[in-house]
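Everything numeric here is computed off the predicted structure, so don't read it as measured data.
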Amino acid sequence: MYALFDEAGKFQAGRILSEADSSLQVELESGKRVKVKAANLLLKFEKPAPSELIAQAQAAAEGIELELAWEFAPEEDFGFAELARDYFSEQATLVQQTAALFRLHEAPHYFRRAGKGRYKKAPAEIVQQALAAIEKKKLLLQQIADWAAELGRGECPQPIRDQLYKILFRPDKNAPEYKAVVEASRATQTAPLDLLRQAGAIDSAYQFHWKRFLFDNFPKGTGFPPLQAPDITDELPLANVQAYSIDDSQTTEIDDALSVQGLGSGTVTLGVHIAAPGLALHTGTPIDQVARNRLSTVYMPGYKITMLPDEVVQRYTLAEGRACPAVSLYVSFDEASLEIQASETKLERVPIAANLRHDQLDKVVTEAWMESDNPGQTELPGGMTHATMAFLWRLAKTLKARREVVRGKPETFNRPDYNFRLVGNDGAEPTGQETVQISVRQRGAPLDLIVAEAMILANSHWGLWLAECGVPGIYRSQASLAPGVKVRMGTKAQPHAGIGVKAYAWSTSPLRRYTDLVNQWQIIACARHGKTAALAAPFKPKDAELFSIISGFDAAYSAYNGYQAGMERFWTLKYVQQNAITELTAAVFKEGPNGSVLVRADDLPLVLAAHGMSGLPRGARVRVKLGEIDEIALDLSGTIAERLDAELPLDGADEDEGDDEPVAGPIAIAVDVNEAEPAAGEASPA
């Protein structure tokens, strides 16, 4: 005696070994013995053998017309054997009964299960809806197959081109476009990204990186809504100074300027003047919402996405020839010893004598010129004098040296900064085909150092002042210079070991960084209210909004910096191509993947993996033959042709700088061609 039974929607058959009131002992054809609940028993039969019955019934089931069976079926619940007798004949065979069971079971759109072996016909409107859905799915599967075939032939369907970045980086895995890519990738045994490149979905490497960045960070585009920059209505006194900003020629968001008073008097006062949008902008306003959504200006070679629209920036920027509202920090120094004697913060209008551009002055304002007793007749814009520059240079060196004492070791500027210029770009959105020029600017150049030390002084002073007033701010801190100790952001004044200061609150770029604008609001409250500032400041101690801003800024700033680094690498690779560079000299700085070493080019901002010599020490200088460039992966590898120095490492070369610098490699995409597909007859998740 054999039994056909149903366990969890799966039909099985086997020989009955024993029966009890509530269960049966059944031996399957595999030899496995199972215990079956009597309620799950559907049929008992003598012959044919279970495997023959199932095979014959499945074949017969294919011939049952579901629409005709639905017409025959009674309105009330019925068993599969009843339907078999109605559909075939009163003498429906065992095979026909089993065929009816199988057919009923696989057609839930016609027949709903009403118990073990029992069913109820679906209403006519439900059947029609289900049939329409099945037809739609059939057409969709055909569309997926057609798209996959096109991709396999090296053609990219427009819907896939339109969804490219979503497919690659944030896919809906049930979308037909995604499924077509997966199907084509499997069929052609080609990696998804390579498949799409070969099909022409990516027609520009630059546009690929640009649109991917926009997809992740600016899904609604980079345009601004209509915004009206409010006037600063405060009655601000006019400062009796002449201030100078120092930026590069591309800078339009001029946040900071410097002034010097009292040269030759024994007490010299440095003024650090910061643009004051915080006097006009307020939290919760439309402009604030735009700034908070963006959090920072995004920089890249030849282009930028500003935090604020240009018409707003120009209302508050420190433009030459104007008396601009500013938050000013005045620090008085003993002229001989440069010891700090006093400090004061003021809200005022500051006359901007000139916007100095270091790319135009670096060749003139050199260290030698600064320290010369006979500087000649060099004229600087806006009446800036050699004596003022020389004092600022001496002060900057002194402030740096004092920080280095706290820091515990000198700051090293072993590597230059590089400037990128896209010829003929003029600030328009690049296409990726521009000619790129790369020039060198040594880190720690006099004008750079002057500005950097003045800003560190202001950020440190204001950070401590906020804490003294009991007003929270947004701080950057680093517990120590020990390996692995990272810079963190928080709301409390804590030391920054990397800079060598007791506290550090970004406050000097309110037109470019939202954290600085937030801190400016807090500083303005301190300037207006002193010790009672905590009651008037926009953000209170333990304010959840501050922590939310920190979290958002950390993520955005990291993404923006990563994109800037990626685009600088893109244009460096373009420079290599455009100048037909096939070899370069470089220094080893650590081991790389797969037996390679990571090298840093001597004359370009380029790090790459080089093969050919193992065991090279840190600092070893080598000549590297360059391989193929992959503009999508931003990848370039090389082969070491020869070692150029003696067989001794250069101890301390590039110490503690750049070890975390990544080397571009394969793009991480979210398409998983190895993901299991739904089993036959199993519905995909919605």
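- How far OH of Y299 is from NZ of K304: 5.5 Å, rounded to the nearest 0.5 Å.
- Rounded to the nearest 0.5 Å, atoms CD1 (I549) and CG (D554) are 12.5 Å apart.
- The heavy-atom pair separating M455 from I274 by the smallest distance is SD-CD1, 4.3 Å.
- Counting non-hydrogen atoms of other residues, nucleotides and ligands closer than 6.0 Å to CD of Q228 gives a total of 12 or fewer.
- Proximity of P472 to L546: side-chain heavy atoms (C-beta onward) are separated by under 4.5 Å at one or more points.
- In this structure a side-chain-to-backbone donor-acceptor pair under 3.5 Å is missing from R476 to M489.
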Exercise. Salt bridge (Lys or Arg N to Asp or Glu O under 4.0 Å) between D231 and R315: does it pass, once the steps are laid out?
Worked result: CA-CA 8 Å; D231 292 326; R315 181 66 65 90; 2.4 Å; yes

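- A donor atom on one side chain and an acceptor atom on the other are found under 3.5 Å apart for S337 and D334.
- Note: I246 CD1 to N355 CG = 10.5 Å, rounded to the nearest 0.5 Å.
- Side-chain contact of D359 with S249: a donor-acceptor pair under 3.5 Å is present, judged by distance alone.
- Ring pair W369/H386: centre-to-centre distance below 6.0 Å.
- Between H461 and Y504, the distance from one ring center to the other does not fall under 6.0 angstrom.
- For the 3.5 Å distance criterion, the side chains of K492 and S477 fail to qualify, holding no donor opposite an acceptor.
- A donor-acceptor pair under 3.5 Å is formed between the side chain of D516 and the backbone N or O of S507.
- At a threshold of 4.5 Å between non-hydrogen side-chain atoms, the residues S439 and R421 do not count as touching.
- The residues D362 and R357 are annotated as not salt-bridged, no charged nitrogen and carboxylate oxygen being separated by less than 4.0 angstrom.
- Side-chain polar atoms of T251 and D248 form a donor-acceptor pair below 3.5 angstrom.
- The nearest pair of heavy atoms linking G382 to Y244 is O-OH, 2.7 Å.
- S328 and E348 form a side-chain donor-acceptor contact under 3.5 Å, judged by distance and modelled atom types alone.
- At a threshold of 4.5 Å between non-hydrogen side-chain atoms, the residues Q478 and R488 do not count as touching.
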Problem set entry | Verdict with reasoning, E367 to K397, per salt bridge (Lys or Arg N to Asp or Glu O under 4.0 Å) | CA-CA 11 Å; E367 184 172 347; K397 291 191 296 179; 5.3 Å; no

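- The aromatic rings of Y206 and W571 sit tilted, their planes meeting at an angle between 30° and 60°.
- Note that CE of M300 and CZ of F570 are 13.0 Å apart. Values are rounded to the nearest 0.5 Å.
- Using modelled atom types, one side-chain atom of R294 and one backbone atom of T222 make a donor-acceptor pair closer than 3.5 Å.
- For the residue pair T345 and W462, a side-chain donor N or O sits within less than 3.5 Å of a side-chain acceptor on the partner.
- Side-chain contact between T388 and V260 is present, with heavy atoms from C-beta onward closer than 4.5 Å.
- H496 contributes a side-chain N or O that, together with a main-chain N or O of I499, makes up a donor-acceptor pair within less than 3.5 Å.
- Checked against the 6.0 Å centroid threshold, W506 and Y557 count as a close aromatic pair.
- Annotation: R528, atom CZ; neighbour count of heavy atoms from other residues, nucleotides and ligands within 6.0 Å is above 12.
- With contacts defined as side-chain heavy-atom distances shorter than 4.5 Å, the pair T435/Q578 qualifies.
- A side-chain donor from one of D310 and Q314 sits under 3.5 Å from a side-chain acceptor of the other.
- Counting heavy atoms from C-beta on, the side chains of M567 and W210 never come closer than 4.5 Å.
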For this session: Please lay out, stage by stage, how T297 and I305 fare under the test side chain to side chain contact (heavy atoms under 4.5 Å, CB included).
Result: CA-CA 6 Å; T297 290; I305 305 171; over 6 Å; no

For this session: Before giving the answer on side chain to side chain contact (heavy atoms under 4.5 Å, CB included), spell out for T306 and R512 the whole-Å C-alpha distance, their side-chain angles and the decisive distance to 0.1 Å.
Result: CA-CA 7 Å; T306 57; R512 293 184 274 187; over 6 Å; no

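- Residues E411 and E404 share a closest heavy-atom pair of N-OE2, 2.9 Å.
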For this session: Give the C-alpha distance, both sets of side-chain angles, the deciding distance and a yes or no for salt bridge (Lys or Arg N to Asp or Glu O under 4.0 Å) between R292 and E545.
Result: CA-CA 11 Å; R292 183 165 176 179; E545 282 292 289; 2.4 Å; yes

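- The side-chain heavy atoms of V312 and P309, taken from C-beta on, include a pair separated by under 4.5 Å.
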For this session: Walk me through it: do R513 and D255 pass the test salt bridge (Lys or Arg N to Asp or Glu O under 4.0 Å)?
Result: CA-CA 10 Å; R513 285 191 303 247; D255 291 290; over 6 Å; no

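- A donor and an acceptor atom, one from each side chain of E253 and T317, are nowhere located under 3.5 Å apart.
- When the options L457, N459, L329 are evaluated for a side chain to side chain contact (heavy atoms under 4.5 Å, CB included) with T508, the one that passes is N459.
- To the nearest 0.5 angstrom, F539 atom CZ is 5.5 Å from T283 atom OG1.
- Between A493 and G463, the closest heavy-atom pair is CB-O, 4.3 Å.
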For this session: Before giving the answer on side chain to side chain contact (heavy atoms under 4.5 Å, CB included), spell out for L395 and E453 the whole-Å C-alpha distance, their side-chain angles and the decisive distance to 0.1 Å.
Result: CA-CA 8 Å; L395 177 62; E453 290 301 327; over 6 Å; no

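- Side-chain atoms of S548 never come within 3.5 Å of backbone atoms of A544 as a donor-acceptor pair (strictly under, hydrogens ignored).
- Residues L634 and R569 come closest through the heavy atom pair O-NE, 2.7 Å.
- Under the 3.5 Å distance criterion, the side-chain polar atoms of R600 are left unmatched by any main-chain donor or acceptor of V607.
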For this session: Start with the C-alpha distance between H273 and S259, add both sets of side-chain angles, then the distance that settles side chain to side chain contact (heavy atoms under 4.5 Å, CB included), and finish with yes or no.
Result: CA-CA 8 Å; H273 311 284; S259 66; 2.7 Å; yes

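- A distance of 9.5 Å separates CD1 in I456 from NZ in K400, rounded to the nearest 0.5 Å.
- Remark: the backbone N or O of G473 is not paired with any side-chain donor or acceptor of N519 at under 3.5 angstrom.
- At distances below 3.5 Å, not a single donor-acceptor pair connects side-chain atoms of Q522 with backbone N or O atoms of L517.
- Between F215 and Y165, the ring-plane angle classifies as tilted under the 30° and 60° cut-offs.
- Taking the six-membered ring where tryptophan is involved, the planes of F218 and F213 are tilted, since the angle between them lies from 30° to 60°.
- Looking only at distances, no side-chain donor or acceptor of S343 sits under 3.5 Å from a matching main-chain atom of Y330.
- Between A525 and A536 the shortest heavy-atom distance is CB-C, 4.4 Å.
- A donor-acceptor pair under 3.5 Å is formed between the side chain of K540 and the backbone N or O of A537.
- Side-chain contact between Q437 and F420 is absent, with no heavy atoms from C-beta onward closer than 4.5 Å.
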